[in-house]
A.B. asks: 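The structure that follows is given in the form of structure tokens.
Throughout, protein chains are lettered first and strands after them, A, B, ... in sequence-line order, and every chain is numbered starting at 1.
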Protein chains: 2
Amino acid sequence: MPRKRNTRRSPDMPTLADVARLAGVSEITASRVVRAQGPIADPTRLRVLSAIAALGYIPNRAAGSLASAGSTLMSVLLPSLSNIVFPDVLRGIHTALTQTAFQPVIGVTDYDPLIEERILISFLSWQPAAVILAGLHHTPVARRYLEQGRFRVAELMDIDGDPVDIAVGMSHRQAGYETGRHLIQRGYRRFGYARHNILTDDRASARYEGLCTSLQEAGLSLIAEHRYPGPSSTKAGRDTLEILLSAHSELDVVIFPNDDMAMGGIFHCMYAGITVREQLGIFGFNGLDIGQAMPMPLSTILSKRFLIGKTAAEKLLESRERPPEKTIINTGFDIIEGATA
Amino acid sequence: MPRKRNTRRSPDMPTLADVARLAGVSEITASRVVRAQGPIADPTRLRVLSAIAALGYIPNRAAGSLASAGSTLMSVLLPSLSNIVFPDVLRGIHTALTQTAFQPVIGVTDYDPLIEERILISFLSWQPAAVILAGLHHTPVARRYLEQGRFRVAELMDIDGDPVDIAVGMSHRQAGYETGRHLIQRGYRRFGYARHNILTDDRASARYEGLCTSLQEAGLSLIAEHRYPGPSSTKAGRDTLEILLSAHSELDVVIFPNDDMAMGGIFHCMYAGITVREQLGIFGFNGLDIGQAMPMPLSTILSKRFLIGKTAAEKLLESRERPPEKTIINTGFDIIEGATA
DNA sequence: CTGTTAGCGCGTTCAT
DNA sequence: ATGAACGCGCTAACAG
């Protein structure tokens, strides 16, 4: 006895069979029209298209996915959405995916590799066409899934390491190094460093290490650093600078892990009557618009977040199969001289 | 002759049948264990779980979706990711969905109802359990799909209107109105208004109208307004204030559509040597952290973005079926007195 | 250029 | 507490 139609769906949601019937063609022909694939005679296509319009047909992607063992989803795993960096990356991804059939599915890992692993596995159950992650460090389990899967993989932000498939980003180590060189050249000698408590922000750590290296090479070292006991924020930057200066008034420049915190540093200087650049240099990272809109533009490094996201998504779409050799794309960075250091 | 196994999948991606075979149970029993549904004897469950672990089994959600005519996806359609407001909403949604089986799928509409309609239709092909959108204005076609669909719907940010199912947000009209009342009470009389070119930002328009109403009631009106010929940004705010003041130096307060632009206004004042609050009041909207971390905290209205997203997602999960009557949740707003107006 | 056939992997239904 | 059978809606493969 025929089972009754699944009760959970709308009573008369049309299927491809309905479209085919109305258009007087076979299902597969209708399917080909929907997917714009294969050769279809113009009159046939038009009949199918008008049947689709007449019925208000919406394809069922679950069925399509199942039949074709693939989907048009792109899994995107980001550490955070509070840090504007990642929405920027996401915008880039979105821009590349607009006008394609692909859709991003977002997961947020809170900078935790174990959460990343968990979300990755759950995303893989949708048979994504590609996976985008931040950074090159993943759990061994995650790394294994990434390597064995039949999907493209892009690892974003960082390029200092060995990617699974594609890496798009910049060398944060080098950015930190160049920061040090730049500030030394500008005459600064007594360096302070502000940090936050996101210990798994590998990029921030890499920049820190790069900076230390350049200081060492110049016979210098960090005089002081303070790790704010909370996540990055403008207020964190402001409070951290106050603490640093109260113990080390001799500092002539303080480097922040990002522009948000650096802005906080500037606000502290405004509050405390410290002349920025002359009395104290302030240096950030990211090159956010707001920092550049200040009367004294923030001295910082421009990271190309949008470009990273866009490039990665474009690259992933180039070929459905993972090529034999890995790709590393360096989007580079620019030092913004600014007026604060 | 049996067709060969789909060539696109990994050579030996285990299926539920493999798990069942290894555990010595039927597929449906294994399925019940995977979904933690129905009564299963403890020893049976353990055997299945260890088979899952041994094989590294990952469920195929496309198949599950197809069989059950439903998915664990939640479609989220946001106007923008550049405006920090929406990442904040997204964080709220994410927070509510963590520890549930649901996953958000993000689409970005660029404040364009037609793009919203297009993305909505494409999302519906995944049979989402719920759809989240911004605002109450959609195309007639989109509205029809939303009303007829077998999924929950939440419309966020605004509550001035008639929702399809659930609305979570605040009254922007009232926020604009209260802004006017507040500033009048503080003694301001000569009002200027800065705008941006996102004409379909209905919330900004509603605040503008509310403000005008309160001015009218006090026998006042806007002396000047300027629409910046580009999207909202800090620089847009800075440039807009400069233009406003060059033509209307008599203004004693300028209201901005958001904190980003208001910060730009403050930067212009810093640059031009204008004493904020005494010579010119500056008022924003959103209550971003950065504005509150300034030496003179920005006077603004705190919108509760995170709460809106979280509340909406939680509400959507309460029942899979759309209840007979609509729900409107007012998350309210707070006036932050600040030091700039 | 179009059609026939045969599943994709899972969950619902109903039976035991 | 567990299982058998069927089909969800679509597309790959091959034939014509």
A.B. asks: Ignoring backbone atoms, test whether A/Thr29 places a side-chain nitrogen or oxygen under 4.0 Å from the OP1 or OP2 oxygen of C/dT2.
C.D. replies: no
A.B. asks: Nearest of D/dC10, D/dC8, D/dT2 to any side-chain atom of B/Ile40?
C.D. replies: D/dT2
A.B. asks: For B/Ser65, answer base if it contacts any base atom (sugar-phosphate contacts may also be present), sugar-phosphate if it contacts only those atoms, and nothing otherwise; contact means non-hydrogen atoms under 4.0 Å.
C.D. replies: nothing
A.B. asks: Sorted by first residue and then second, give each salt bridge (charged side-chain N to carboxylate O under 4.0 Å, His left out) pair with at least one member in residues 128-145 of chain A; sequence neighbours left out.
C.D. replies: A/Arg143-A/Glu147, A/Arg143-A/Asp162
A.B. asks: What nucleotide, of C/dC10, C/dG7, C/dT2, holds the atom closest to the side chain of A/Ala67?
C.D. replies: C/dG7
A.B. asks: Could you give the CD-to-P distance, from A/Gln37 to D/dC10, as a whole number of Å?
C.D. replies: 15 Å
A.B. asks: Measure the distance from CE on A/Met13 to C1' on D/dC10 and round it to the nearest whole Å.
C.D. replies: 14 Å
A.B. asks: Is any side-chain N or O of A/Ser68 closer than 4.0 Å to OP1 or OP2 of D/dT11?
C.D. replies: no
A.B. asks: Round to the nearest Å and state the distance from A/Arg61 atom CZ to D/dT11 atom P.
C.D. replies: 7 Å
A.B. asks: Quick test of your reading of the model: are B/Asp165 and B/Arg152 salt-bridged, counting only N-O distances below 4.0 Å?
C.D. replies: yes
A.B. asks: Between C/dG9, D/dC10, D/dA1, which nucleotide has the shortest distance from any of its atoms to the side chain of B/Pro39?
C.D. replies: D/dA1
A.B. asks: In whole Å, I'd like the distance from the CG atom of A/Leu66 to the P atom of D/dC8.
C.D. replies: 13 Å
A.B. asks: Find the distance B/Asn60:CG to D/dG9:C1' and express it as a whole number of Å.
C.D. replies: 14 Å
A.B. asks: Consider the side chain of B/Ile28, meaning its heavy atoms from C-beta on, and name the nucleotide among C/dC14, C/dG11, C/dC1 that approaches it most closely.
C.D. replies: C/dG11
A.B. asks: Take atom CD of A/Gln127 and atom P of D/dC10, then tell me their distance rounded to the nearest Å.
C.D. replies: 18 Å
A.B. asks: Nearest to the side chain of A/Ser26, heavy atoms from C-beta on, is which of D/dG9, C/dT2, C/dG3?
C.D. replies: C/dG3
A.B. asks: For B/Gln103 and B/Thr72, does a side-chain donor sit closer than 3.5 Å to a side-chain acceptor?
C.D. replies: no
A.B. asks: Looking at D/dT11, I'd like to know if its phosphate oxygens (OP1 or OP2) sit under 4.0 Å from a side-chain N or O belonging to A/Arg35.
C.D. replies: yes
A.B. asks: Which pair of heavy atoms, one from A/Val48 and one from A/Ala30, lies closest together, and at what distance?
C.D. replies: CG1-CA, 4.0 Å
A.B. asks: May I ask you to evaluate whether A/Thr44 reaches the phosphate of C/dT2, defined as a side-chain N or O under 4.0 Å from OP1 or OP2?
C.D. replies: yes
A.B. asks: Rounding to a whole Å, what distance do you find between B/Glu27:CD and D/dC6:P?
C.D. replies: 14 Å
A.B. asks: Write down the distance between CG (B/Leu16) and P (C/dC8), rounded to a whole number of angstrom.
C.D. replies: 14 Å
A.B. asks: Would you be so kind as to tabulate the donor-acceptor pairs closer than 3.5 Å made by side chains of residues 130-141 of chain A, with sequence neighbours excluded?
C.D. replies:
unit_1   : atom_1 : unit_2   : atom_2 : d
A/His137 : ND1    : A/Asp202 : OD2    : 3.0
A/His138 : ND1    : A/Glu116 : OE1    : 2.7
A/His138 : NE2    : A/Gly135 : O      : 3.3
A/His138 : NE2    : A/Glu155 : OE2    : 2.7
A/Thr139 : OG1    : A/Glu117 : OE1    : 2.6
A/Thr139 : OG1    : A/Ala142 : N      : 3.0

A.B. asks: Between B/Arg32 and B/Ala63, just flag the one whose closest nucleotide in DNA chain D comes earlier from the 5' side.
C.D. replies: B/Arg32
A.B. asks: Can you tell me if the side-chain N/O atoms of B/Ser31 get under 4.0 Å from OP1 or OP2 in C/dG11?
C.D. replies: yes
